[in-house]
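Taking it in order: structure first as C-alpha cells, then the write-up.
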Amino acid sequence: MDIRRKLEVLADAAKYDASCASSGSSTTRRDRRLGSTEGMGICHSYTPDGRCVSLLKLLLTNYCVYDCKFCVNRVSSDTPRARFTVAEVIRLTLDFYRRNYIEGLFLSSGIVGSVDGTMEQLIAVARGLREDHGFGGYIHLKLIPGASPELVAEAGRWADRLSANIELPTEQDLRQLAPEKTHAEVTGTMAVVADGIAERAADARAGLTAPAFAPAGQSTQMVVGATPTTDGVILATADALYRVQKLRRVYYSAYSPTPHADARLPALRPPLLREHRLYQADWLLRFYGFEVREVVAPGANLALDVDPKLAWALANRDRFPVDVNAAPRELLLRVPGVGVRNVDRILAIRRHHALTAADLRKLRVNWKTAAPFVLTGDHNPAVRRLDTVGLKRSVQPTLFDDLGGDA
Amino acid sequence: MIVAAPDFAAWRAAARALLVAAVPPADVLFDDGTAPGLFAAGELPPAPTAAAPEVPRAFVALAEAVACHREAQRWDRLYRVLWRLTRGEPHLLALATDDEVSWLLRAEKSVRRDVHKMHAFVRFRAVGGHFVAWHRPDHRIVRRAAPFFRRRFPEMRWSILTPDESVTWDGVGLHFGPGVPAGAAPPPDVLEDMWKTYYRATFNPARIKLTAMKKELPVRHWATLPEAAIIPDLLSEAGDRVAAMVAHAEGAGSAAAFMPAARDLDSLRAAARSCTACGRCGPGAPPAFGVGPGGARVVLVGDHPRASGAADDLLAGALAEAGFDPAAVYRTHAVKRAPRPSPAAPREPHRGAGACRPWLTAELAALAPAVVVCLGPHAARAVLGPLFRFAERRGEPVAAGPVARAIATHHPSAVLRDPAGTGSEMGAELVRHLALARRLAARGPE
C-alpha cells in the first residue's frame with residue numbers, strides 16, 4: 001500500500017480523537033535541531049468542522065483486537081485497514097513540520113499483538129524523532145491502558161503529553177460497549193503518569209536537573225451520547241479525574257456516526273450542543289470555582305437552551321444582583337456574561353473609578369445577559385427584571401448563536 | 001508641527017524630545033510616510049537636555065506592538081496616551097474602558113493575532129534545499145514574527161516573503177529585505193498533495209461548523225494555504241459522506257437482545273433460532289447451535305461451522321487417539337454461522353464473533369464443563385479474550401471463568417493445511433493437547 005493511501009486510512013481512523021491541543025509544554029528541548037514548543041500551541045489550519053489542525057494526528061495502525069462498539073477500528077468493523085512503519089511516521093512528521101503545516105505529532109494505535117508490544121512501537125516513533133532527528137516539536141502519545149509502568153515512564157521521557165482514554169463515563173457503559181476495558185486499568189495507567197510528573201516536579205524543586213517527563217501533562221477523552229449516562233455523572237467522572245489524576249484536560253467527544261458503526265449505537269447526528277455544554281460546564285469547574293453539584297445534579301443533564309453559568313444564575317437569583325464595584329472576585333466570576341479576563345479588568349479599573357453600565361459595555365461584557373444580575377455605579381434599570389417570570393427569556397441567547405451558527 | 005516617524009525607533013526618539021519640550025499632543029502630527037503628506041515634516045525641538053519622564057514598562061511593550069499596526073494615526077494615539085501617563089494619570093493603562101487606551105489595547109490585540117496567524121499560516125515550499133513562503137499579513141509584523149521561525153527552524157535555510165518586507169535565515173542570522181508581490185511566490189511543493197490528503201481525511205463530515213472555521217481561518221488567508229483549495233469539495237461531499245456512514249452500520253449488533261429468560265440449553269437453542277443479530281441467520285438458515293450431551297465434562301469450541309467433512313474426520317481420529325468417547329463430548333462454535341465466502345477478508349471468522357459471543361457465553365455457563373478446548377486462535381480469543389496469544393500459550397491449561405479451565409490447540413483445518421499432512425508435528429500436538437484435556441476433565445475440579 002502506498003504511503004498516501006496509508007495516510008488516508010490512518011488519519012481518517014484517528015480523527016475521532018478530540019484532542020488536538022499542542023499547548024502547555026514548558027520549554028523547548030535541549031540539543032534539538034528542528035522544532036520548538038513555546039507554551040502556546042498554534043492551530044495551523046482549521047477544517048470545515050471548525051476544528052483546529054495543530055498536530056499530525058495518526059494511528060500507527062488501525063488493526064485492533066478490541067471490540068469497542070463506538071470505535072470505527074474495533075475488530076468486528078469492516079473498515080479498510082493499514083499499518084505505518086515507524087520510519088514512515090517519522091518521515092511524514094518531519095516533512096510536514098519543515099513546511100510549517102503542523103506543531104508536531106499525535107500518535108495513537110489500535111492494539112495488535114500485545115499491549116506492551118503496541119506501546120513499544122509508539123515509543124519507537126517518539127524516540128526516533130527526538131534522538132535521531134533532534135526533533136523539538138510537540139509529541140502527544142496515546143498510552144495503551146495496561147501497558148507496563150516502565151514503558152509508560154519511557155513514553156513520558158519523549159512525549160510532551162500523554163493520554164489514556166477513559167472512553168466512557170461509567171464502568172457500566174464500558175461493560176456494555178467496550179467489554180475488554182475497565183476503568184481500573186485506565187486509571188492505573190494514569191496514576192503511573194501522575195506519579196512520573198510529581199516525581200519530576202519534586203526533583204526540580206530539589207534542584208536536580210531531572211529529564212523531562214510529559215511536560216504538557218496528561219489528558220483523556222470520553223465519548224458522550226453513546227449510552228444514556230447523564231451529564232451529571234459525566235462531569236462527576238471528569239471532576240474526579242481532575243482531582244485524583246491531576247489531568248490537564250478532559251475531552252468530550254459527541255458520539256458521531258462512523259462508517260461501519262455497530263448498529264447498537266444511535267445513527268443520529270452527533271449531539272454537538274450537548275458536547276458544547278459539557279465543555280462550558282468543565283470550564284466552570286476549572287476556572288470559575290464551581291463545584292459539580294452546583295452545575296448539574298447527578299441524575300440530570302445540562303440545559304441545552306441556556307449555558308450552564310446562566311442556568312446556575314437563574315436558579316440562584318437570591319445571590320444577585322452583584323455590585324461590580326464592591327463584590328469579591330469569586331462572586332464576580334459567577335455573573336453570567338462576564339468572563340475571567342473581564343473580571344480581572346473590572347478589579348483593576350474599580351481601584352480608580354466606579355464602573356458604569358457603559359464601562360461594562362465597552363469591556364464587551366455580554367450586556368444582554370449580564371444586565372439584570374449586576375449593580376453598577378450608575379442607575380441600572382435592568383436589575384428590576386431579576387425577580388420577574390420572563391427573566392430567562394430576556395437574557396437567553398438565541399439557540400445556537402454561541403455555536404457558530406451551523407450546528 | 002509635523003514630525004516624521006517612519007518606524008518605532010524614530011517615533012520613540014521624537015516622542016521623548018517632544019515630551020521634554022512639553023509639546024502637547026494637539027500641537028503635533030506624526031507622519032509615518034505611508035501617505036503622501038501635504039506638508040513637509042518640521043524640525044524637532046532641540047535634543048533634550050532634561051531627563052525624559054518615567055514611562056511605565058508596560059507602555060513601552062504596548063507601544064512596540066502598536067507600532068506594527070497599519071493605521072497611520074497610531075503614532076498620534078500613542079503620543080496622546082504617553083502625554084496623559086506622564087501628566088497626572090500614571091494608572092491610565094489599567095483603564096481598559098478609556099477610549100484612547102481601549103484603542104491601543106485593540107490595536108495591540110490585532111497585531112498579536114496577526115503575528116500568531118503568521119506563525120500559523122506561513123506555508124514553506126521546498127525550492128531546492130531552500131524553504132520559501134509567501135504570506136500576506138494584515139500589519140507590518142515581519143520583524144516581530146521572524147524570531148519565532150528562527151527558533152523553530154534553525155537547521156533549515158528559509159525565506160518568508162510579504163508585500164511589505166521579506167526575511168531570510170541563513171543559519172547564522174536573520175536578514176531583512178524589501179517586500180515582494182504575490183507573483184514572486186514559490187511554485188507548489190510536491191508534498192502539498194500529501195497535506196491535502198491528510199486534511200481531507202482528518203475532517204469529519206458529520207460535524208460541519210463553517211462559521212466557526214471562518215472565524216479562525218479568515219478567508220483572506222485562504223489563497224496561500226494549499227489545503228483551502230479543497231474546502232468547496234469537502235463541503236459538497238459532506239452530505240453524501242454522512243449518509244453513506246449511517247447507511248453503512250454493520251450487523252444488528254448483539255445476540256444479547258435475543259437472550260431468553262431461562263438459560264438452560266434447550267431454551268437457548270430455541271431462542272437462537274430467531275436470532276438476527278448479525279443479519280446472516282434467518283428463517284430457513286438457523287444458527288448452528290452446539291451438539292452433544294448436556295452433561296459433557298469437555299466442550300470443544302471451533303471458530304465457525306464448515307461444509308467440508310475432512311476436518312471433522314481428522315478431529316474424530318484425533319479424539320479417538322486421545323482416548324475420548326466421541327459421544328461424551330459437546331461441540332460448538334464461537335460464531336454460529338459460516339462466513340460468506342470473501343477472498344478479500346480471509347480473517348473473516350473474527351467478524352461476527354462480537355455478535356455471537358452472548359450465545360457462546362450462555363452455552364458454556366449452562367454446560368459448566370470441566371474443560372473447554374478451543375480449536376484454533378479465533379476460538380481461543382472468543383473464549384479467552386482478544387489478547388490471548390495463541391502461538392505462545394497453546395497447550396497450556398488456563399483459567400476460563402470460575403469453574404472451567406481451557407486449553408487452546410490447533411484447528412483440525414490448520415493441521416490439514418500443514419504440508420506435512422496428518423502425521424505432522426501439528427497433528428501430534430493436537431492429539432497431545434486433547435489427551436491433556438481428557439486427563440484434566442477426569443481429575444475433576446481443583
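Hydrogens, waters and symmetry mates are skipped; everything else that's a heavy atom, side chains included, is used. Within every chain, numbering begins at 1; the chains are lettered A, B, ... in the order of the sequence lines, protein sequences first and strands thereafter.
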Q. Which answer fits A:E8, side chain, backbone, both or neither, if we ask what part of it has an atom under 4.5 Å from a heavy atom of chain B?
A.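 Contact with chain B involves both backbone and side-chain atoms of A:E8.
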Q) Heavy-atom distance under 4.5 Å to chain B: side chain of A:R364, backbone, both or neither? A)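 Answer is side chain: those atoms of A:R364 sit under 4.5 Å from chain B.
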For the [atom1] atom of [X] and the [atom2] atom of [Y], what is their distance to the nearest 0.5 Å?
X: A:L58; Y: B:T202; atom1: CG; atom2: OG1; result: 8.5 Å
X: B:R200; Y: A:D12; atom1: CZ; atom2: CG; result: 11.5 Å
X: A:K15; Y: B:Y198; atom1: NZ; atom2: OH; result: 11.0 Å
X: A:N100; Y: B:M118; atom1: CG; atom2: CE; result: 10.0 Å

When heavy-atom pairs shorter than 4.5 Å are enumerated against chain B, which of [options] gives the highest number?
options: A:V115, A:I111, A:L56; result: A:L56
options: A:V9, A:L34, A:L363; result: A:L34
options: A:H353, A:H352, A:K362; result: A:H352

Segment of [X] engaging chain A (4.5 angstrom heavy-atom cut-off):
X: B:R389; value: side chain
X: B:M194; value: both
X: B:E216; value: both
X: B:K214; value: neither
X: B:L191; value: both

Q) Going by residue number, which parts of residues 38-51 of chain A are within reach of chain B, meaning a heavy-atom gap below 4.5 Å? A)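 Under the 4.5 Å heavy-atom cut-off, A:E38, A:M40, A:G41, A:I42, A:C43, A:H44, A:S45, A:Y46, A:T47, A:P48, A:D49, A:G50, A:R51 qualify.
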(Q) Within residues 342-349 of chain A, which residues come under 4.5 Å of chain B, heavy atom to heavy atom? (A)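 The stretch touches chain B at A:R345, A:A348, A:I349.
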Q) With respect to chain A, which residue among B:D189, B:L105, B:L225 yields the maximal number of heavy-atom pairs within a distance under 4.5 Å? A)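 Highest number of heavy-atom pairs under 4.5 Å: B:D189.
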Q) Do you know which of B:F131, B:F148, B:F121, B:Y199 has the most heavy-atom pairs under 4.5 Å to chain A? A)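 Top count of heavy-atom pairs under 4.5 Å with chain A: B:Y199.
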**Q.** Carboxylate-amine/guanidinium contact A:R32 B:E155, below 4.0 Å
**A.**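 Between B:E155 and A:R32 there is no salt bridge, as every charged N stays at least 4.0 Å from the carboxylate O atoms.
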Q | salt bridge (Lys or Arg N to Asp or Glu O under 4.0 Å) contacts in which one or both residues fall within residues 125-134 of chain B, not counting sequence neighbours | A |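 Salt bridge (Lys or Arg N to Asp or Glu O under 4.0 Å) check on residues 125-134 of chain B returns B:R125-B:E192.
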Q: Tell me, yes or no, whether the heavy-atom count around B:R151 atom CZ, taken from other residues, nucleotides or ligands under 6.0 Å, exceeds 12.
A: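 Yes, enclosed.
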Q. Considering heavy atoms only, which positions within residues 90-103 of chain B lie below 4.5 Å of chain A?
A.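 Residues of residues 90-103 of chain B touching chain A at under 4.5 Å: B:H91, B:A94, B:L95, B:A96, B:T97, B:D99.
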Q) Which pair of heavy atoms, one from B:D193 and one from A:R4, lies closest together, and at what distance? A)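 Heavy-atom minimum between the residues: CB-NH2, 3.6 Å.
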Q: Kindly indicate whether the side chain of B:W158, heavy atoms from C-beta on, has any atom under 4.5 Å from the side chain of A:R98.
A: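 No - every pair of side-chain heavy atoms lies 4.5 Å or more apart.
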Q) According to the interplanar angle, ranging from 0 to 90°, do the rings of B:W195 and A:Y101 count as parallel (below 30°), tilted (30 to 60°) or perpendicular (above 60°)? A)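 Plane angle under 30°, so parallel.
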Q: Check the pair A:E103 / B:R152 against side chain to side chain contact (heavy atoms under 4.5 Å, CB included), numbers first and verdict last.
A: CA-CA 10 Å; A:E103 287 285 281; B:R152 178 152 290 197; 2.3 Å; yes
